[in-house]
Amino acid sequence: MDRGNFPPAPTGFSAAGGDFRGRRLSLDSLIKTNPASTFFLRAEEESSLGGCIHPGDILVVDRAAEITNGCLVVAVTDGEMTLRQVVRRQGRSYLYSDPSRAKPGPHSEVQIWGKVVYVLHPVAP
């Protein structure tokens, strides 16, 4: 079959690991955060925040990252670490576990510990 003078065209995926040929794969190089302020935490409970976080997932938390509307944060509430979403309404910021059913409740001692910048979890069959 005569293919003429046409250059080859990509039709699918590159070879596995082709982007990392000659280099060692490292999460530190893939996850662009500030190493001095980045920590890993393991989720203990199911959460519908952030696209379904499952027990055992690894949360990559950057304490220096900017807190923005809609972002996920690890907050310390009454001495316990919890996953919350930041929602800004009418110039005020609120932390919710389910923003669709959010109603501001009584204030307790809350401290934002850091912003969740990645969630790592296995793909189940």
Does Arg42 reach the main-chain N or O of Gly56 with its side chain, forming a donor-acceptor pair under 3.5 Å?
->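 The answer is yes, because a donor-acceptor pair under 3.5 Å joins these two groups.
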Can you find a pair of side-chain heavy atoms, one from Ile53 and one from Leu59, that are under 4.5 Å apart?
->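 Ile53 reaches Leu59 side chain to side chain.
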Determine the minimum heavy-atom distance between Thr38 and Asn34, stating which atoms define it.
->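 In this case the closest contact between Thr38 and Asn34 is OG1-O, 2.6 Å.
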Please list every donor-acceptor pair under 3.5 Å in which a side-chain atom of residues 60-74 meets a protein atom from a residue at least two apart or in another chain.
| from | atom 1 | to | atom 2 | distance (Å) |
| --- | --- | --- | --- | --- |
| Asp62 | OD1 | Ser37 | OG | 2.7 |
| Asp62 | OD1 | Ala64 | N | 2.8 |
| Arg63 | NE | Trp113 | O | 2.7 |
| Asn69 | OD1 | Arg88 | N | 2.7 |

Between CG on residue Leu41 and CG on residue Asp57, distance to nearest 0.5 Å |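 Those atoms lie 12.0 Å apart.
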Calculate, to the nearest 0.5 Å, the distance between atoms OH and CZ belonging to Tyr96 and Arg89 respectively.
->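 So the OH of Tyr96 and the CZ of Arg89 are separated by 4.5 Å.
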Stepwise, does the side-chain contact (heavy atoms from CB on, under 4.5 Å) test hold for Val119 with Ile58?
-> CA-CA 6 Å; Val119 177; Ile58 303 297; over 6 Å; no
